[in-house]
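Values in this document were obtained by computation on a predicted structure and should not be read as measured data.
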Amino acid sequence: MVDKSKYRWEFSNIGGASRVRIKSGEDIAHLRELDPTMWTVLSCPVQGLEIDSASLACIDTDGDGKIRVNDVVNTADWAVSALSNADKLLEGASSIAISEFNPETETGRKLASSAREILQNLGREGDIISLSDTADRVAIFAGTKFNGDGVIIEAAAENDEEKAAIAAIKATLGTVKDRSGEDGVNSDLIEAFYKALADYSAWCSAKPELPYGDDTEAVLSAYQSLDAKVRDFFVRSKVAAFSPDNASRLDVQTAWIEAIAGSDLSSRLDEIAAYPVARITGKAEIPVDAAVNPAWAASFATLTKLAVPEGVAAVDETLWNEIGAKLAPYIAWKAAKAGAAVESLGIEAVNSFLAADLKQSLLDLVAKDLALKEEAENIDKVDKFLHVYRDFYRLLKNFVTLEDFYSKDKDAKAIFQSGTLIIDQRACHFCMNVADMGKHNTMAPASGMYLVYCDCTTKTKPGKITIVAAVTVGDIGDLVVGKNAVYYDNQGLEWDAVITKIVDNPISISQSFWSPYRRMSEAVQNLINKSAAEKDAKIMKDATDKINAAPAAAPASPDAKPAPAQPFDIAKFAGIFAAIGMAFGMIGSALASLVKGFVALSWWQVILVFVAILLVISGPAMVLAWMKLRKRNIAPLLNANGWAVNASAKISISFGETLTDIAKFPKLKLKDPYAKKGLPVWARILIWLLVIAVLAAGAAAAYFFWLKDMI
């Protein structure tokens with residue numbers, strides 16, 4: 001990139017940083033000259049943004065899943081070179097007149113030519129092409145014989161023989177989808193088809209003489225199924241002849257039969273098949289008319305009928321090996337089978353296709369189709385251009401600057417703003433999808449914003465999403481983990497939301513004014529609850545201990561007299577009464593002194609005292625909140641979502657007020673029929689003033705005594 005640009009850029013200061021303004025096609029044309037350090041964003045992910053993912057994929061020129069400065073610059077150069085007037089990029093339209101393409105550049109000419117071809121293929125008239133025209137690739141290429149994808153369909157054939165060959169390839173080896181949407185074949189399938197034809201024909205020509213004529217296949221099947229069992233029989237017979245005493249152990253065991261005799265034997269054929277094929281007698285031969293294992297009887301009968309010569313009474317090992325030797329050439333030939341994919345065509349059709357020799361003709365058709373590859377790719381580029389034409393400027397406003405985010409137009413939203421959260425009578429407009437909760441846990445506190453994280457679900461989509469929303473107006477209210485809310489995404493889809501995490505930061509200065517009192521109230525409430533719980537537990541414990549320790553009551557005697565009541569001992573309680581009186585006296589004296597001091601002040605001095613006391617209590621919290629509110633920054637949240645933010649993106653107090661809308665009801669005098677009747681308004685105000693005065697006086701007295709001790 002060129003670091004020092006002679007081009008005169010316009011600048012603005014928003015969000016606490018100076019930013020370049022992209023306001024014309026000329027600005028876009030000179031983006032390559034803009035120093036990268038002046039860009040607000042250096043990279044952002046392709047996923048999770050409120051821009052068509054297809055458009056972002058077009059801008060991601062290196063396809064790495066991130067849009068970087070170079071991707072934006074390269075896209076800008078390409079889009080500008082395609083147009084006669086680069087200002088058209090600022091319109092964000094989804095259609096363009098073909099006449100707007102620049103006829104003086106190669107890019108413009110190719111896009112214009114391809115756009116006209118698209119309209120012609122769709123049967124459209126006119127000069128306007130839109131994204132809806134390029135969306136359906138099948139419709140664009142429907143009815144075209146050649147479209148540059150290297151796939152030919154039957155309609156592309158020049159004669160019936162070529163059509164038949166293409167149909168045979170599809171039937172035997174499968175198909176490849178053509179851009180027209182039809183099934184076709186490519187050069188790989190053509191090559192594989194003619195190789196299979198040649199291999200299958202050669203294999204059929206090498207077929208050996210059948211040793212058993214038309215019965216050879218049946219003999220082979222029976223022989224192969226019996227071979228292992230028969231050879232096992234021969235070995236068992238030899239062992240039995242060698243050791244006659246063990247012949248019974250090598251034969252079928254009675255225990256085996258007894259174990260299955262009580263069941264349905266037709267379901268136990270697998271077990272029966274494991275028995276020897278014939279009874280073991282010590283002779284290594286199976287009589288032709290002998291009873292053999294029922295599981296193997298059918299195969300043995302087929303073999304003896306078709307392969308054993310007439311007059312042979314038994315099958316011995318020599319005869320068995322002779323049968324195998326006769327079958328060996330046929331077995332080897334079958335094992336060497338080639339070109340099986342075209343076997344279904346039949347040998348006559350195979351030889352017919354070989355004789356016609358249309359292989360080169362079909363490959364020539366593929367080459368003819370591939371000759372239009374660039375033209376077809378240019379058609380794809382028209383769709384890419386229309387996506388860029390519609391969405392590129394919006395990306396620039398959120399990449400080079402954050403113009404959409406800081407816009408005064410409430411309808412304008414940044415590409416990272418995913419929707420609106422309605423909660424606690426507020427509409428939070430700054431919501432983001434959370435890509436990595438772990439990163440947000442680390443980065444979110446640095447934003448300085450009051451954030452609520454919510455898990456959202458809807459019946460219309462599977463799974464859940466996690467969002468983060470910034471609360472920038474109002475008080476904390478009832479915002480607690482577990483609170484339910486409703487989230488509306490930018491498409492208007494409604495999601496059920498529940499708070500899973502809160503990042504506590506000041507919402508506003510007014511909220512921070514009351515925060516000390518809220519914390520004191522919570523502390524007092526917790527203290528009272530704790531004390532009450534402890535006393536309740538102590539009372540229950542004492543009562544239980546007394547009940548458990550009480551002796552069993554003795555039966556009352558009829559003559560027994562009740563114990564006399566203890567007389568009231570006033571001296572015993574004198575100390576208590578004195579202490580209580582002293583306490584009330586001291587409190588009364590202190591209040592009298594305070595009232596006397598206030599009475600001595602003039603009215604304006606009283607006001608100053610109240611203001612001073614309030615400032616002492618709330619002032620530090622308000623100052624701290626003001627400092628934090630000025631430093632609120634969305635950059636940490638964007639960084640947590642995979643962005644590389646190059647400049648601060650602060651949220652000022654006034655701007656923050658635009659990010660959250662709070663419910664505003666009209667001023668009406670409505671009477672609650674269930675309202676509790678109590679003191680009139682003036683009495684309640686007076687009581688509150690007295691309470692505040694007492695608290696203020698107490699704080700002032702404490703401050704006075706502390707100052708006195710310090711002096």
Side-chain angles (χ1 to χ4, degrees), residues 54 57-58 60-64 110 113-114 117-118 121 134-207 333-384:
C58 294
D60 181 17
T61 54
D62 57 6
D64 66 349
K110 287 182 177 180
S113 175
S114 298
E117 185 175 349
I118 291 172
N121 290 350
T134 61
D136 191 348
R137 305 296 176 85
V138 173
I140 293 172
F141 293 105
T144 58
K145 295 181 180 180
F146 303 105
N147 45 43
D149 62 354
V151 178
I152 57 173
I153 58 179
E154 291 179 46
E158 297 178 350
N159 51 57
D160 292 340
E161 289 78 10
E162 290 178 349
K163 285 184 180 180
I166 294 173
I169 296 172
K170 290 163 59 179
T172 56
L173 296 181
T175 63
V176 180
K177 278 291 182 185
D178 182 68
R179 274 180 171 150
S180 65
E182 295 188 35
D183 291 330
V185 300
N186 57 16
S187 59
D188 290 339
L189 288 176
I190 294 170
E191 293 281 3
F193 177 71
Y194 278 94
K195 183 179 185 304
L197 291 177
D199 291 344
Y200 186 72
S201 178
W203 179 74
C204 289
S205 299
K207 186 176 182 179
W333 173 76
K334 288 194 69 173
K337 185 176 183 178
V342 297
E343 183 178 12
S344 60
L345 298 175
I347 188 59
E348 291 184 5
V350 168
N351 289 331
S352 176
F353 280 121
L354 286 173
D357 194 17
L358 297 175
K359 175 183 174 181
Q360 191 56 49
S361 298
L362 296 179
L363 290 175
D364 289 343
L365 291 176
V366 173
K368 187 176 180 180
D369 185 87
L370 285 172
L372 300 174
K373 181 178 180 180
E374 183 179 358
E375 184 177 343
E377 288 179 349
N378 285 334
I379 289 177
D380 291 339
K381 286 181 180 178
V382 174
D383 181 70
K384 174 183 176 180

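You'll find the side chain of Leu354 reaches within 4.5 Å of the side chain of Asn351, heavy atoms only. Between Val151 and Glu182, the closest side-chain pair of non-hydrogen atoms is not below 4.5 Å.
Within the structure, salt bridge (Lys or Arg N to Asp or Glu O under 4.0 Å) contacts touching residues 338-352 (residues at least two apart or in different chains) are Lys337-Glu343. Each ring-ring contact (aromatic ring centres under 6.0 Å, His included) pair with one or both residues in residues 340-366, not counting sequence neighbours, appears once here: Phe193-Phe353. Contacts classified as salt bridge (Lys or Arg N to Asp or Glu O under 4.0 Å) and involving residues 152-170 (residues at least two apart or in different chains) are given here: Glu154-Lys170.
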**OP:** Evaluate side chain to side chain contact (heavy atoms under 4.5 Å, CB included) for Leu362 paired with Leu365, printing each intermediate quantity in order.
**Re:** CA-CA 5 Å; Leu362 296 179; Leu365 291 176; 4.3 Å; yes
Subject >> Worked verdict on Ile153 versus Ile166 for side chain to side chain contact (heavy atoms under 4.5 Å, CB included) >> reply: CA-CA 7 Å; Ile153 58 179; Ile166 294 173; over 6 Å; no
Original post:
Passes salt bridge (charged side-chain N to carboxylate O under 4.0 Å, His left out), Lys177 versus Asp183? Steps please.
Top reply: CA-CA 5 Å; Lys177 278 291 182 185; Asp183 291 330; 3.2 Å; yes
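Listed here is the closest heavy atom pair of Gly148 and Ala376: CA-CB, 4.3 Å. Between Asn186 and Gly150 the shortest heavy-atom distance is CB-O, 3.4 Å. Residues Ile169 and Val185 share a closest heavy-atom pair of CG2-CG1, 3.5 Å.
When the options Arg179, Glu117, Lys110 are evaluated for a side chain to side chain contact (heavy atoms under 4.5 Å, CB included) with Ile379, the one that passes is Glu117. A side chain to side chain contact (heavy atoms under 4.5 Å, CB included) with Ile190 holds for exactly one of Leu173, Val366, Leu358; it is Val366.
Atom NZ of Lys381 is separated from atom SG of Cys58 by 12.0 Å, given to the nearest 0.5 angstrom. Between atom CD1 of residue Ile152 and atom CZ of residue Phe146 there is a gap of 7.5 Å, rounded to the nearest 0.5 Å. One finds the CG atom of Asn378 at 13.0 Å from the CG atom of Asp383 (value rounded to the nearest 0.5 Å). Rounding to the nearest 0.5 Å gives a distance of 6.0 Å between OG1 of Thr134 and CD1 of Ile118. Going from atom CG of Asn121 over to atom OG of Ser114 covers 10.5 Å, rounded to the nearest 0.5 Å. Taking CG of Asp149 as the start and CD of Glu377 as the end, the distance is 10.5 Å to the nearest 0.5 Å.
At a threshold of 4.0 Å, the pair Lys195-Asp199 counts as salt-bridged, since one of the basic side-chain nitrogens sits closer than that to a carboxylate oxygen.
Asp60 places a side-chain N or O within 3.5 Å of a backbone atom of Gly63 that can act as its donor or acceptor partner. Listed for the Trp203 side chain is a donor-acceptor partner under 3.5 Å among the backbone atoms of Trp333. In this structure a side-chain-to-backbone donor-acceptor pair under 3.5 Å is missing from Ser201 to Leu197. The closest donor-acceptor contact from the side chain of Asp369 to the backbone of Leu372 lies at 3.5 Å or more, if one exists at all.
Around CD of Glu374, the count of heavy atoms belonging to other residues, nucleotides or ligands within 6.0 Å does not exceed 12.
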